[in-house]
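Step one of this worksheet: look at the structure below.
Below, read A as the first sequence line, B as the second, and so on, with proteins coming before strands; counting in each chain starts at 1. Since the structure is predicted, the reported quantities are computational estimates derived from the model, not experimental observations.
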There are 4 protein chains.
Amino acid sequence: MSRIGFLGLGIMGKAMALNLVNAGFEVTVWNRNRQKCEELVAHGATFGDSPKAVAQACDITFAMVADPEAALAICQGPNGVAAGIGAGRGYVDMSTVDDKTSGTIADLIHHAGGRFLEAPVSGTKKPAEDGTLVILAAGDESLYQEALPALNVMGKMAPYLGGVGQGANMKLVVNMIMGGMLNIFSEGMALGQKSGLEGQAILDVLAAGAMANPMFNIKGKMCLEENYDTSFPLKHMQKDLRLALALGDRLEQPLPTAAATNEAFKQAKKSGYAEEDIAAAHKVNR
Amino acid sequence: MSRIGFLGLGIMGKAMALNLVNAGFEVTVWNRNRQKCEELVAHGATFGDSPKAVAQACDITFAMVADPEAALAICQGPNGVAAGIGAGRGYVDMSTVDDKTSGTIADLIHHAGGRFLEAPVSGTKKPAEDGTLVILAAGDESLYQEALPALNVMGKMAPYLGGVGQGANMKLVVNMIMGGMLNIFSEGMALGQKSGLEGQAILDVLAAGAMANPMFNIKGKMCLEENYDTSFPLKHMQKDLRLALALGDRLEQPLPTAAATNEAFKQAKKSGYAEEDIAAAHKVNR
Amino acid sequence: MSRIGFLGLGIMGKAMALNLVNAGFEVTVWNRNRQKCEELVAHGATFGDSPKAVAQACDITFAMVADPEAALAICQGPNGVAAGIGAGRGYVDMSTVDDKTSGTIADLIHHAGGRFLEAPVSGTKKPAEDGTLVILAAGDESLYQEALPALNVMGKMAPYLGGVGQGANMKLVVNMIMGGMLNIFSEGMALGQKSGLEGQAILDVLAAGAMANPMFNIKGKMCLEENYDTSFPLKHMQKDLRLALALGDRLEQPLPTAAATNEAFKQAKKSGYAEEDIAAAHKVNR
Amino acid sequence: MSRIGFLGLGIMGKAMALNLVNAGFEVTVWNRNRQKCEELVAHGATFGDSPKAVAQACDITFAMVADPEAALAICQGPNGVAAGIGAGRGYVDMSTVDDKTSGTIADLIHHAGGRFLEAPVSGTKKPAEDGTLVILAAGDESLYQEALPALNVMGKMAPYLGGVGQGANMKLVVNMIMGGMLNIFSEGMALGQKSGLEGQAILDVLAAGAMANPMFNIKGKMCLEENYDTSFPLKHMQKDLRLALALGDRLEQPLPTAAATNEAFKQAKKSGYAEEDIAAAHKVNR
């Protein structure tokens with residue numbers, strides 16, 4: 001069984017790394033704020049001094065950080081992944097980044113002799129904990145085959161989507177649809193409740209029809225209870241909408257509904273809900 | 001078992017009336033174009049001469065017509081439902097109408113001594129055929145109780161939502177969410193395919209996540225096959241979006257995503273897809 | 001010189017009627033709230049008891065009321081204009097109404113034997129006071145010729161646009177463009193000021209370019225001074241946007257920017273600015 | 001009189017450089033495609049071998065190129081402006097770029113010992129030819145004072161707006177407002193003409209009111225004549241809308257109307273009108 005590195009122990013990364021440890025992998029962890037490593041180490045992980053040190057010590061290093069800037073930062077510089085990866089080893093970036101950043105990271109790793117796979121995920125805290133993420137893999141196919149046992153611990157589905165950039169693109173497409181669905185749902189709830197309907201009745205009717213889906217159940221309950229504890233931070237959704245719109249701009253694809261959704265999430269950020277769950281977009285609509 | 005009338009034998013109405021006949025109800029049918037009654041009569045229904053005649057002959061008369069204008073038309077005038085309903089009998093309008101029209105119809109029926117229930121449905125051709133519609137009932141509660149056996153033949157769920165207008169409002173909320181979901185889905189499919197992803201892969205990934213829902217499967221397949229055979233006509237969806245936005249206007253509820261969706265469906269109408277299925281909105285986005 | 005009636009003495013109507021009095025016309029005035037007539041009577045106008053009484057006593061009766069409902073209300077019923085107009089006399093409705101309402105009013109007047117002209121105006125309080133409104137006349141062309149001397153007192157331009165409905169349509173087009181211009185201007189001001197630019201510098205640069213227009217000067221100053229004293233009430237602009245969108249819906253004309261603008265004005269109404277000037281839309285954007 | 005360099009001889013740059021030559025400045029010109037220099041040389045300009053050579057030979061070098069990538073490209077590398085500027089000389093970039101690019105260029109010039117001014121312009125081909133551009137200057141104030149005589153030849157107004165980035169920001173604000181105005185105008189024209197109004201009558205009424213502005217006259221005439229000869233290429237407007245929205249994203253400023261406008265211009269690009277004038281956006285709306 002290969003030695004596994006894991007960089008980035010935020011809400012998502014911590015749950016994913018813990019699943020790898022619990023599945024019996026030998027895992028070396030690193031996080032910008034070292035304190036967050038302690039729980040993993042207590043469960044049997046090893047502490048790594050830097051992204052470079054982890055990449056040097058492991059056959060495959062995974063990363064799960066907050067945004068394109070952070071994803072780039074941990075690869076560059078004297079302590080970055082590229083400085084440690086060497087020939088033959090592999091790097092799997094599971095963060096959500098735009099395809100340009102993913103391409104830059106792929107270049108850095110390839111120039112250092114490593115192999116690269118981008119593998120952004122669909123799913124939030126709960127699926128990360130349950131190992132039921134949907135993992136969108138693209139890049140070096142031999143690395144994909146070697147990483148598959150670990151990917152299958154973290155997710156329930158990890159299709160190979162093609163060359164570098166296609167995992168990031170799939171992620172943006174899926175999250176753009178999620179953002180749009182969530183906002184039209186929220187507008188519908190707000191409209192219905194203002195017209196005198198019970199919020200629960202709206203959820204029941206939706207659950208009985210062709211649009212029934214787990215997200216409406218989960219986020220709908222949060223809206224009714226006015227409980228916006230963060231599983232997917234609103235600011236990250238807005239970032240994904242921004243990136244999806246930027247992709248649409250490059251491809252000359254008009255996206256009027258997605259653009260309106262993005263502005264709604266920007267309004268939610270302006271209103272102070274950036275750190276709350278995506279469901280907090282409802283606070284603007286209701 | 002009560003005598004049942006059924007007015008309007010379009011795509012939806014024909015399937016619903018047939019289910020009532022097959023369930024053993026004694027059904028009298030009427031349609032503006034008389035020819036459409038023949039199949040029902042062949043299955044055992046009786047032919048009615050006019051909405052008035054049907055309402056006179058039956059304990060409860062159901063109607064399922066295309067729009068608010070038609071719904072009003074079959075109630076008014078010397079041959080209308082109101083002219084025949086008399087004291088104690090019931091009228092259940094299952095068409096999708098705005099709450100103002102529903103209120104006008106309620107007034108017409110009440111002034112003629114009848115009882116009224118609005119019961120618009122969520123679901124298209126297939127659920128109508130399978131008797132699995134979601135029926136949204138509101139109005140006279142005693143009539144609701146008497147109509148329930150017939151409603152349960154046509155649908156899998158028929159909650160009582162309150163006074164006249166609340167069924168129409170629920171329908172608009174649900175269809176507005178459906179239109180928004182469909183359009184953001186279509187934008188996502190178009191964006192993904194332009195970026196080089198396989199359409200089927202996008203459907204697979206969506207089906208594995210928290211957004212999985214029957215509509216994406218059905219409409220997604222239609223988009224991939226470029227088969228837009230009508231189950232829910234696009235022009236009716238655009239009408240519902242218009243009515244939902246009008247409701248939002250009255251209630252001072254901003255609905256920016258729904259408004260953008262409405263313009264997308266208007267563009268699809270302008271492009272000549274009014275009579276095709278709602279999935280044909282994808283022809284504008286792709 | 002013909003006897004003139006004037007119905008509706010709100011912000012606009014009062015200024016227009018006063019100009020007619022000052023120009024030497026013999027004017028009979030009526031207002032729902034009678035107190036508002038007093039200033040006009042002090043300047044030489046005669047008080048009329050009802051819309052019917054005014055229409056009976058005058059050769060041409062003008063009306064300027066707040067919305068389609070009010071415009072219809074003063075024509076109908078035992079005390080309405082139609083009850084008093086009789087053969088040969090003329091009615092000129094200068095209120096902003098949708099073309100359906102205008103058609104209904106035209107029918108009422110025609111059935112009563114009168115002639116009808118719709119003549120909605122472009123311009124707010126100041127042009128009303130200065131007699132520099134833009135008047136959009138459509139309907140009976142002989143009445144247009146007779147009313148022209150009075151129209152020319154109230155406005156600087158009163159083109160004849162065609163049959164009944166075309167004046168209302170022109171008004172909606174113009175106000176829809178005004179609403180859209182105002183909101184993109186407000187978004188630009190908000191963006192610029194947030195980026196550190198002086199608001200006055202933005203106004204200066206706009207005033208020097210191809211987009212220079214009186215409205216930006218006037219409303220821009222209001223935004224900088226945070227003074228939203230009403231000359232054109234925000235709720236009336238939102239009403240016109242709603243009517244323009246409804247017209248677009250009937251004509252299958254997509255209007256995505258107008259729809260986004262309408263939602264912005266709805267948000268301003270929801271935020272409590274309905275009675276303030278249209279410039280108060282900036283309070284939502286800034 | 002100082003020696004002047006000019007880089008970039010597209011539609012705009014050529015007209016601006018010609019005005020400088022005609023005003024008596026000693027001008028050295030460079031363009032990626034050398035052939036475009038010939039007309040200028042015929043009028044008395046000197047040909048420069050590279051951006052570096054021009055910057056070395058001149059006291060102040062101006063640049064006017066198509067986009068941020070081109071603006072960066074002519075500054076970097078062995079033949080770039082930074083390689084030639086040296087201590088004390090000045091560089092004035094008049095291209096439309098986002099503030100990040102402008103900051104990068106400022107850094108390049110400053111590190112090479114030069115002084116930097118960004119000075120994007122508002123106005124298209126005609127004002128460039130007439131020397132009536134609005135020039136938005138920001139950066140090194142001493143360079144601003146030295147460049148002012150040349151700026152006053154190219155424009156009618158050249159206010160100093162503050163530190164590097166503020167010129168670019170003002171340009172984006174102004175062009176975002178222009179794009180929004182143009183699209184709501186186009187929607188209004190399309191709506192009005194579909195309702196049966198004469199296009200010219202709409203232009204006349206707009207020209208008589210508070211919204212009267214030169215752009216509506218010019219672009220309106222182009223729409224009526226269906227003549228979209230390029231003075232401001234549509235793809236550049238869409239680029240500015242994209243950059244303005246990106247600025248709004250960074251500043252957490254929702255811009256729903258601008259976002260809808262951007263999607264309309266993207267639709268126009270998708271429809272094949274990228275190289276036509278911005279007025280060609282009307283071809284999508286009408």
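- Side-chain atoms of B:M181 and A:F216, non-hydrogen and from C-beta on, do get closer than 4.5 Å to each other.
- Among residues 232-257 of chain A, the residues having any heavy atom closer than 4.5 Å to a heavy atom of chain B are, in sequence order, A:A244, A:L247, A:G248, A:L251, A:E252, A:Q253, A:L255, A:P256, A:T257.
- No more than 12 heavy-atom neighbours from other residues, nucleotides or ligands sit within 6.0 angstrom of NZ on A:K14.
- Heavy-atom distances place no part of A:L133 under 4.5 Å from chain B, backbone and side chain included.
- Proximity to chain B involves both the backbone and the side chain of A:V174, based on heavy atoms less than 4.5 angstrom apart.
- Taking non-hydrogen atoms and a 4.5 Å limit, the residue list of residues 190-210 of chain B in contact with chain A, ordered by number, reads B:A190, B:L191, B:G192, B:K194, B:S195, B:G196, B:L197, B:A201, B:I202, B:D204, B:V205, B:L206, B:A208, B:G209, B:A210.
- Between chain A and the options B:V173, B:N169, B:I177, heavy-atom pairs under 4.5 Å are most frequent for B:I177.
- By the neighbour-count criterion of 12 heavy atoms within 6.0 Å, atom NZ of A:K100 is sparsely surrounded, having that number or fewer from other residues, nucleotides or ligands.
- When each of B:M157, B:K156, B:Q166 is scored by its heavy-atom pairs under 4.5 Å with chain A, the top score falls to B:Q166.
- Contacts of B:L172 with chain A are absent, with no heavy-atom separation under 4.5 Å from either backbone or side chain.
- Comparing B:R286, B:E263, B:M215 by heavy-atom pairs within less than 4.5 Å of chain A, the highest count is held by B:M215.
- Residue-environment remark: NZ (B:K221) stays at or below the threshold of 12 foreign heavy atoms within 6.0 Å.
- Note that CE of B:M211 is 4.0 Å distant from CE of A:M178, once rounded to the nearest 0.5 Å.
- Of all the heavy atoms in A:A212 and B:P214, the pair that sits closest is O-CD, 3.7 Å.
- Residue-environment remark: NZ (B:K126) stays at or below the threshold of 12 foreign heavy atoms within 6.0 Å.
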